[in-house]
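Okay, so here's the structure we're looking at.
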Amino acid sequence: MIEEDTIKLLRECDAGVKMGVASLDEVIDYVHSEELRDCLSKCKEKHNVIQENIERLLDEYHDEGKKPNPMAKGMSWMKTNAKLVMNESDQTIADLITDGCNMGVKSLSKYLNQYVAADEKSKDIAKSLVYLEETLANDIRAYL
């Protein structure tokens, strides 16, 4: 049970971190403020470090991880592009990223509660992602 929950939690973290990186990649070229661009870039780097840790742990379990849900990814892409076409501003970007952070926090918290038998290392990774998302949402509030 511990190994099963650990793998499932790591898979969800893997999908979530990939979704986060993809979302940051989608908007970063539209950012006008150097400070906001720097904040998003640093956050992306932190996501990449966590992603490497997730992949390393999944490799130990001989698991390939999980890609983001194609429907969710497609809907996110459509929403992002539709909003940016209408208003290509830092405020729009901050709004989109804040929504994404909130969804990430919600889903990762759900998985932490669902996979209670996961090992501490995996739970710590999930908690790190939650903290990273919460911090980013707070850091970009000034742009809303």
Side-chain angles (χ1 to χ4, degrees), residues 4-116 118-144:
E4 186 179 327
D5 275 13
T6 298
I7 292 169
K8 287 179 179 178
L9 181 58
L10 287 170
R11 284 178 185 160
E12 296 303 337
C13 289
D14 189 39
V17 77
K18 287 175 181 172
M19 188 77 165
V21 169
S23 296
L24 291 168
D25 281 340
E26 280 179 27
V27 300
I28 204 137
D29 289 337
Y30 296 96
V31 175
H32 300 290
S33 163
E34 280 300 317
E35 293 84 15
L36 179 57
R37 181 179 288 110
D38 187 51
C39 179
L40 297 178
S41 294
K42 286 179 181 175
C43 188
K44 181 183 168 191
E45 289 171 16
K46 291 175 185 176
H47 274 77
N48 286 330
V49 169
I50 292 173
Q51 185 174 3
E52 290 170 11
N53 290 332
I54 293 167
E55 289 172 358
R56 185 178 42 74
L57 287 172
L58 284 168
D59 282 346
E60 289 176 16
Y61 288 103
H62 308 289
D63 194 275
E64 295 180 13
K66 181 179 176 182
K67 294 179 181 172
N69 179 310
M71 182 66 84
K73 195 169 181 182
M75 295 297 287
S76 172
W77 183 87
M78 284 181 11
K79 178 182 177 183
T80 298
N81 286 291
K83 282 195 166 196
L84 286 174
V85 164
M86 292 174 54
N87 184 3
E88 190 181 304
S89 70
D90 288 349
Q91 182 179 4
T92 300
I93 291 166
D95 184 56
L96 288 164
I97 295 297
T98 299
D99 285 350
C101 289
N102 291 337
M103 287 192 303
V105 168
K106 181 180 173 184
S107 62
L108 287 168
S109 296
K110 178 181 97 172
Y111 294 125
L112 270 166
N113 292 329
Q114 185 175 345
Y115 301 123
V116 291
D119 70 8
E120 290 306 312
K121 218 185 260 188
S122 302
K123 287 179 184 178
D124 287 344
I125 286 174
K127 290 173 187 174
S128 295
L129 274 172
V130 167
Y131 177 76
L132 186 58
E133 298 297 315
E134 289 173 335
T135 302
L136 179 57
N138 283 333
D139 289 348
I140 63 175
R141 280 187 184 157
Y143 296 95
L144 292 173

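These figures come from a predicted structure and were not determined experimentally. This chain uses plain numbering: 1 for the first residue, then up along the sequence.
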Qualifying residues under salt bridge (Lys or Arg N to Asp or Glu O under 4.0 Å), relative to [X], sequence neighbours excluded:
{"X": "Glu60", "answer": "Arg56"}
{"X": "Lys79", "answer": "Asp99"}
{"X": "Lys46", "answer": "none"}
{"X": "Glu133", "answer": "none"}

So, using side-chain hydrogen bond (donor to acceptor under 3.5 Å, both in side chains) as the criterion, who are the partners of [X] when residues are at least two apart?
{"X": "Thr6", "value": "none"}
{"X": "Lys42", "value": "Asp38"}
{"X": "Asn138", "value": "Arg141"}
{"X": "Lys106", "value": "none"}

Nearest heavy atoms of Ala94 and Thr98, plus distance in Å: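 So the two residues come closest at O-OG1, 2.7 Å.
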Closest non-hydrogen atom pair between Ala118 and Leu9, with its separation: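 Taking every non-hydrogen atom into account, CB-CD2, 3.8 Å.
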Donor-acceptor pair, side chain of [X] and main chain of [Y], under 3.5 angstrom:
{"X": "Arg11", "Y": "Lys66", "value": "no"}
{"X": "Thr92", "Y": "Asn87", "value": "yes"}
{"X": "His47", "Y": "Met19", "value": "no"}

Output the distance between atom [atom1] ([X]) and atom [atom2] ([Y]), rounded to the nearest 0.5 Å.
{"X": "Leu96", "Y": "Gln91", "atom1": "CG", "atom2": "CD", "result": "11.0 Å"}
{"X": "Asn53", "Y": "Asp14", "atom1": "CG", "atom2": "CG", "result": "11.5 Å"}
{"X": "Glu88", "Y": "Lys83", "atom1": "CD", "atom2": "NZ", "result": "15.0 Å"}
{"X": "Asp139", "Y": "Cys39", "atom1": "CG", "atom2": "SG", "result": "4.5 Å"}

What pairs with [X] under side chain to side chain contact (heavy atoms under 4.5 Å, CB included), at least two apart in sequence or on another chain?
{"X": "Asp25", "value": "Val21, Lys44"}
{"X": "Ser107", "value": "Tyr111"}
{"X": "Glu35", "value": "Ser33, Tyr143"}

Are [X] and [Y] side-chain neighbours, meaning at least one heavy-atom pair lies under 4.5 Å?
{"X": "Ile97", "Y": "Ile93", "value": "yes"}
{"X": "Asn113", "Y": "Lys110", "value": "no"}
{"X": "Glu12", "Y": "Lys8", "value": "no"}
{"X": "Leu40", "Y": "Leu136", "value": "yes"}

Side-chain donor-acceptor pairs of residues 123-131 under 3.5 Å, sequence neighbours excluded:
{"residue": "Lys123", "atom": "NZ", "partner": "Val116", "partner atom": "O", "Å": "2.7"}
{"residue": "Ser128", "atom": "OG", "partner": "Asp124", "partner atom": "O", "Å": "2.9"}

More than 12 heavy atoms from other groups under 6.0 Å of OH on Tyr61: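 Result for OH/Tyr61: enclosed.
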Glu134, CD: over 12 other non-hydrogen atoms inside 6.0 angstrom: yes
Qualifying residue, where the test is side-chain contact (heavy atoms from CB on, under 4.5 Å) with Ser122 and the options are Asp5, Ile7, Leu10: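 Of the listed options, the one satisfying the test is Leu10.
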Among Val27, Ile140, Ile28, side-chain contact (heavy atoms from CB on, under 4.5 Å) partner for Leu36: Ile140
